[in-house]
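Before any comments, here is the structure.
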Amino acid sequence: MLPNFLQNLNPEIYHSDNYTVVDFEVATNHGDFGRPIFPDNQLLLAVWWTPEGLVKRKWADELHQQELYEDLSRSDFIVAHNSIYELGWLKRGGFEISRLLPFDTQLGEYVLLGNLVSGHSDSGVPPTSISLDSCAARRGWSRKDPVVDILMGHGVNPASMPRKWVEDRCIQDVETTHALFRDQLDVLTRSNRLPVLYTRCLLTPVLADIQSEGMQLDEERVGIVYEDHVRQSVALEQEIASLTGGINTNSPKQLGEYLYDTLGLDEIRDRRGNPKRTDTGQRKTDAKTLLALGGKSPAQREFLGLYREQSKLADAISKSLRFFKEVCATQNGHFWADLNQTRTATHRLSSTGIPSDYGSVQFQNLAKAFKRLFKASREGWLVAETDGSGLEFRVAGFLGDDPQIRKDLTDPDFDPHVTSGAVMRKRDYRELLEAYRAGDKDAKKIRDAAKPDTFKPLYGGSKGTSEQERWYKGFKERYKALAEVQKQWVSRVLIEKKLVTPWGMTFFFPNARMNASGYVNVGNAVYNYPVQCLATAEIIPIALVFLWHTIHSTGLADRIKLVNTVHDSVVVEIHPSVVDEYTKIVEDCFTTKVYEYLKRVYALDFNVKLGVETTIGQYWGEE
DNA sequence: TCAAGATGCGCG
DNA sequence: AAAGCGCGCATCTTGA
């Protein structure tokens with residue numbers, strides 16, 4: 001049975017008086033801020049406010065908090081600030097966190113601020129802090145004890161502080177969190193954003209569970225790929241050094257001097273003849289620019305060819321492979337990362353690596369080529385990846401109520417990249433599609449080259465070569481209804497300085513303005529935010545919530561483990577015996593369950609078909 | 001010497 | 001004058 005709150009799907013549950021407010025202090029023996037994944041950290045103190053209005057405290061580790069666990073079991077929901085932390089510790093203490101519904105006051109503040117947490121540098125909006133202390137300060141409430149706060153901020157272990165200091169702080173945090181909850185509940189309700197908060201909070205226990213898992217590398221594969229990369233990289237480095245006389249190609253400055261001064265390459269220019277430069281007016285040296293440079297003389301072509309290869313290898317080594325090798329050598333190939341719920345403007349997740357002596361790697365930008373280095377951490381299990389195919393395009397079709405997108409989605413002969421490629425290269429669509437499908441190399445080239453341009457106009461991209469601009473105009477023409485809706489969003493933002501989406505999520509653009517030539521400084525962000533938000537901050541989280549809870553309520557939790565999620569996808573470790581069950585469940589969760597939830601919680605009639613695809617194998621991304 | 005900014009690049 | 005959006009990490013440069 002799914003827990004009651006998931007059967008009822010009613011955010012009004014937060015108006016119940018039957019809740020518990022919790023704050024933990026942790027002995028941070030590991031040297032971080034007390035992550036529950038590290039065994040040397042330990043729960044130190046729990047303080048909680050009970051539904052009866054009692055403030056209880058217990059100095060004990062996570063295995064000796066029975067009274068708290070009993071109080072939580074009879075509560076409708078748990079209130080905490082950054083509740084993923086408390087949930088992680090509850091899980092480690094053996095508490096079944098799938099029975100818990102959080103009201104997270106950090107998420108509450110995040111929802112109230114919309115996109116303002118991350119700020120918007122293009123329009124001069126600075127980020128806003130949502131720490132408990134900042135939330136209190138904004139409301140004119142008393143701040144945290146500065147002494148304890150500074151100590152903790154500098155990584156002093158609470159276990160070595162005077163008990164009274166720690167206890168007083170923990171009690172005060174519970175009181176502040178409680179007051180913050182009451183305050184936010186009122187504002188969220190009046191502004192019709194309680195459903196959005198509800199969706200955010202439903203996801204948190206899922207993330208706490210995912211974060212406790214981590215991901216597993218295959219030591220043998222890592223070793224082979226690492227050695228191979230290093231060998232090739234060193235060889236190429238030597239060839240390059242003999243050409244350049246030993247410049248540091250990692251330095252954009254030195255590389256630029258070599259390319260443009262020594263080799264005499266011409267900079268890429270816009271149509272007016274002005275060179276395309278970096279923000280500070282330096283000459284560009286990125287891969288895209290180098291590709292466009294081409295190279296005319298043999299010397300130019302030789303260098304560009306070698307450098308293109310070498311920079312890819314060097315990047316792979318410094319960003320991924322060196323870390324992977326060390327993880328295999330020192331932590332059995334297993335590593336963790338944080339999934340952050342309150343970082344992005346659009347409320348999608350972000351990920352941060354956990355620092356180590358050999359760098360850190362986050363979970364959402366692992367090079368696709370290295371997925372095959374990951375396997376299940378459990379002997380004999382498989383790795384499955386499920387993703388929502390073409391998700392943002394479908395969501396744009398829904399929000400723009402665009403008949404052409406609907407038509408394209410149901411047309412078996414629609415290929416988005418062939419479409420953009422055909423327009424840019426002035427080729428007949430049918431003919432190009434058939435050539436591509438027949439395996440024609442040139443057709444595939446055209447399609448691949450078109451990929452980066454296919455969705456650029458979806459978010460306002462309009463400038464480029466004449467070929468590109470022809471397609472960007474073509475896109476707006478093809479998806480007229482969507483373009484019109486996006487224009488209306490921008491008009492509204494210019495007048496109201498905010499955008500309220502049909503499901504209540506609200507974005508703020510306090511510095512929105514149009515310049516003399518009609519350019520709106522936040523226009524492209526306005527085009528993007530509702531689409532990215534609905535797709536990756538609502539729909540996929542909803543799917544994850546149902547997937548996770550269904551797995552738990554059907555007794556599959558010890559044979560299916562969620563281990564990662566990357567915007568439109570989820571990665572699980574799975575026992576081979578339940579592959580068919582998983583496939584059925586996940587398809588239902590990524591489609592039907594989403595429609596039902598959007599209808600019941602947001603009153604949205606999501607009438608565009610969602611797509612779902614699963615890949616299962618011994619390694620991540622391999623069949 | 002150190003921190004912040006700039007650049008480039010991986011992902012969706 | 002030109003301008004797709006959202007992130008985080010490694011490396012180099014800059015400036016105090």
Side-chain angles (χ1 to χ4, degrees), chain A residues 115 118 120-123 247-256 269-290 311-312 314-323 337-340 343-356 358-371 387-393 396 452-464 468-469 471-472 475-476 486 507 515-533 535-537 540 564-569:
Chain A
N115 53 320
S118 60
H120 190 254
S121 52
D122 288 358
S123 60
I247 65 162
N248 182 354
T249 52
N250 279 333
S251 159
K253 191 167 168 279
Q254 292 177 45
L255 181 58
R269 292 169 189 278
D270 63 25
R271 231 161 309 157
R272 293 172 163 241
N274 299 315
K276 294 196 175 183
R277 295 280 179 91
T278 68
D279 289 345
T280 58
Q282 301 300 307
R283 296 176 292 194
K284 289 178 78 70
T285 61
D286 61 299
K288 203 180 138 202
T289 300
L290 265 51
S311 66
K312 268 199 137 65
D315 194 71
I317 294 166
S318 73
K319 298 283 278 289
S320 310
L321 293 172
R322 191 182 303 140
F323 177 87
D338 290 332
L339 289 170
N340 314 305
R343 282 251 210 292
T344 69
T346 59
H347 287 210
R348 62 160 45 175
L349 300 174
S350 83
S351 174
T352 316
I354 294 172
S356 74
Y358 32 88
S360 68
V361 166
Q362 56 125 313
F363 273 6
Q364 294 188 326
N365 68 351
L366 295 158
K368 279 184 279 195
F370 297 152
K371 282 186 179 179
D387 69 273
S389 24
L391 185 60
E392 287 196 8
F393 187 53
D453 290 313
T454 299
F455 290 111
K456 186 171 158 185
L458 175 55
Y459 302 128
S462 60
K463 300 292 181 191
Q468 287 170 322
E469 294 189 5
W471 160 240
Y472 301 158
F475 184 99
K476 289 201 165 175
Q486 287 176 312
F507 299 106
N515 71 9
S517 59
Y519 182 77
V520 179
N521 60 350
V522 297
N524 295 329
V526 173
Y527 277 18
N528 172 266
Y529 285 11
V531 181
Q532 189 178 113
C533 177
T536 60
I540 293 300
N564 194 6
T565 172
V566 191
H567 307 310
D568 66 353
S569 70

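Chain identifiers are assigned alphabetically (A, B, ...) following the order of the sequence lines, protein sequences preceding nucleic acid strands; residue numbering begins at 1 within each chain. From a predicted model like this one, the values you see are computed outputs, not experimental measurements.
- Note on A:D270: only backbone sugar-phosphate atoms sit closer than 4.0 angstrom, heavy atoms only; bases stay farther off.
- The residue A:A535 sits apart from the nucleic acid: no heavy atom pair falls under 4.0 Å.
- A:S462 comes within 4.0 angstrom of sugar-phosphate atoms only, judged by non-hydrogen atoms across all strands, and of no base.
- Evaluation of A:Y519 against the base of C:dA2 yields no stacking contact (centre distance < 5.5 Å, interplanar angle < 30° required).
- Neither OP1 nor OP2 of C:dC5 sits under 4.0 Å from any side-chain N or O of A:Y529.
- Ring geometry, A:Y529 versus A:H120: the interplanar angle exceeds 60°, so the pair is classed perpendicular (tilted spans 30 to 60°).
- In this structure, the nucleotide among B:dG10, C:dC5, C:dG8 sitting nearest to the side chain of A:S350 is C:dG8.
- Between A:R348 and the phosphate of C:dC7, there is no side-chain N or O to OP1/OP2 separation shorter than 4.0 Å.
- Contact annotation: A:S351 side-chain N/O to C:dG8 OP1/OP2 distance is not under 4.0 Å.
- In this structure, A:T278 does not reach the B:dA6 phosphate: none of its side-chain N or O atoms is under 4.0 Å from OP1 or OP2.
- Residue A:D279 is in sugar-phosphate contact alone, with no base atom involved, counting any heavy-atom pair closer than 4.0 Å across all strands shown.
- One finds a side-chain N or O of A:S251 lying less than 4.0 angstrom from the OP1 or OP2 phosphate oxygen of C:dT13.
- Among the heavy atoms of the strands lying under 4.0 Å from A:T285 are primed sugar atoms or P, OP1, OP2 only; no base atom is included.
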* To do: Would you check, one step at a time, whether the test side chain to side chain donor-acceptor pair (under 3.5 Å) holds for A:N528 with A:T346?
  => CA-CA 9 Å; A:N528 172 266; A:T346 59; 5.7 Å; no
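- Across all strands shown, A:H347 has no heavy atoms under 4.0 Å from either base or sugar-phosphate atoms.
- Residue contacts for A:S118: at a heavy-atom cut-off of 4.0 Å it reaches the sugar-phosphate backbone alone, with no base atom in range.
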